[in-house]
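Remarks on the structure that follows.
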Amino acid sequence: MRLRNITGCQETIADSKYVVNEDILEECPGTWASRFGNSNPIRIEIGMGKGRFIHDLAEQNPDVNYIGIEKYSAVLLRAVQKQEENEKSNLIFLRMDAEDICKVFGPGEIDKIYLNFSDPWPKDRHAKRRLPSRQFLSRYDKILKADGNIEFKTDNRDLFDFAVDELEPAGWEADYITYDLHADEKLMVGNVMTEYEEKFSSQGNPICKYCIHRASKQ
Ligand code: SAM
């Protein structure tokens with residue numbers, strides 16, 4: 001995602017009541033249910049960009065809590081502005097690098113993780129930065145509920161092939177894998193589009209998707 005330097009965006013994010021203050025993130029594990037004021041399931045999107053997907057989900061599912069995570073203030077700003085226009089009590093945002101996710105959520109606190117159009121990091125030496133890498137899967141393992149799952153969508157075939165190859169060594173297995181989501185009537189039921197999905201599918205790129213859970217231990 002190309003980033004424009006938006007004057008004052010860091011201050012706006014730091015002051016927003018919709019973004020949990022970065023200084024207290026490490027005090028947050030185990031407190032998310034009380035922050036939302038209910039015991040509804042908590043689902044997170046990592047690398048949410050401008051937030052169209054998570055806003056739409058939060059609107060459609062008021063009985064689910066959503067947390068959008070984004071590394072850059074200039075991108076997160078758009079999602080926060082949308083929340084100011086149409087506030088949803090079941091949606092909050094974190095500005096952070098997902099590498100620190102285990103410092104912010106307690107064991108089993110999260111019900112589901114969405115990864116959408118994650119950055120590909122094409123160089124081999126950067127593979128561990130890819131959000132569906134085994135290094136990240138091991139972080140997700142710590143924060144997901146026992147029956148929790150992860151959904152990943154991308155149009156980048158190389159990244160998707162990499163993500164599928166990571167599953168077995170990392171101890172995960174697929175509920176389903178598709179290499180052309182938009183051609184699959186069953187999987188398209190309830191599909192919520194992301195900004196990138198809209199853009200790349202309209203250019204004719206097939207969208208790959210998997211849903212995974214932990215493999216049962218022998
Ligand atoms: N998910 C959105 C979509 O599908 O339209 C945005 C996709 S964009 C290609 C990837 C986003 O992930 C960028 O906004 C980037 O800043 C964010 N991102 C990448 N690595 C991240 C990390 N380690 N932690 C948090 N956000 C990250």
Side-chain angles (χ1 to χ4, degrees), residues 1 41-61 63-70 75 79 98 101 110-124 126-141 143-217:
M1 177 170 296
I42 301 174
R43 302 184 176 178
I44 65 176
E45 183 187 8
I46 302 180
M48 61 159 197
K50 295 177 189 165
R52 165 177 166 181
F53 174 84
I54 203 157
H55 269 282
D56 287 352
L57 282 182
E59 180 105 42
Q60 289 173 14
N61 306 291
D63 295 337
V64 176
N65 297 320
Y66 292 95
I67 302 176
I69 297 174
E70 171 53 50
V75 185
I101 204 143
I110 299 304
D111 177 69
K112 190 180 190 84
I113 298 175
Y114 298 101
L115 307 174
N116 291 315
F117 296 80
S118 307
D119 292 340
W121 293 105
K123 291 186 180 140
D124 285 347
H126 291 150
K128 63 175 191 284
R129 297 187 192 172
R130 298 173 192 153
L131 293 180
S133 65
R134 65 190 70 186
Q135 288 81 3
F136 271 97
L137 288 173
S138 116
R139 295 180 178 111
Y140 306 149
D141 179 41
I143 63 169
L144 263 185
K145 281 206 169 79
D147 61 351
N149 59 21
I150 303 174
E151 292 187 12
F152 171 48
K153 292 197 272 192
T154 183
D155 69 320
N156 185 314
R157 185 60 190 263
D158 287 343
L159 178 64
F160 193 68
D161 288 343
F162 164 83
V164 169
D165 288 345
E166 289 292 83
L167 296 180
E168 199 188 327
W172 295 73
E173 58 190 31
D175 298 312
Y176 60 81
I177 296 176
T178 175
Y179 294 88
D180 193 355
L181 171 66
H182 290 209
D184 187 318
E185 247 178 68
K186 241 167 93 188
L187 291 181
M188 277 301 277
V189 174
N191 183 55
V192 172
M193 296 265 260
T194 80
E195 272 107 355
Y196 273 63
E197 184 173 358
E198 173 93 58
K199 178 172 164 195
F200 292 122
S201 61
S202 71
Q203 292 170 4
N205 296 8
I207 306 300
C208 304
K209 179 177 180 183
Y210 71 39
C211 177
I212 61 168
H213 60 271
R214 295 178 188 89
S216 44
K217 294 194 174 101

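Not measured: the values here are computed from a predicted model.
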Would you mind reporting whether [Y] and [X] have side-chain heavy atoms less than 4.5 Å apart?
X	Y	value
Ser133	Trp121	no
Leu131	Tyr140	yes
Phe136	Ile46	no
Tyr114	Val192	no

Using modelled atom types only, decide if a donor and an acceptor are shared between the side chain of Asn61 and the backbone of Val64 within a distance under 3.5 Å. no
Kindly say whether Asp147 contributes a backbone atom to a donor-acceptor pair with the side chain of His213 at under 3.5 angstrom? no
Among all residues two or more places apart in sequence or in another chain, which pass the ring-ring contact (aromatic ring centres under 6.0 Å, His included) test with [X]?
X	result
Tyr179	Phe160
Tyr66	none
Phe117	none
His182	none

Can you tell me which residue pairs pass the salt bridge (charged side-chain N to carboxylate O under 4.0 Å, His left out) test with a partner in residues 155-182, sequence neighbours excluded? Arg134-Glu166, Arg157-Asp161
Just grab all the salt bridge (charged side-chain N to carboxylate O under 4.0 Å, His left out) pairs involving residues 184-212, residues at least two apart or on different chains. Arg52-Glu198, Lys82-Glu195, Glu151-Lys209, Lys153-Glu197
Lys145 atom NZ, neighbour heavy-atom count above 12 within 6.0 Å: yes
Contacts of type side chain to side chain donor-acceptor pair (under 3.5 Å), residue Arg130, not counting sequence neighbours: none
Partners of Asn149 by side chain to side chain donor-acceptor pair (under 3.5 Å), sequence neighbours excluded? Lys112
Which residues pass the salt bridge (charged side-chain N to carboxylate O under 4.0 Å, His left out) test with Arg214, not counting sequence neighbours? Asp141
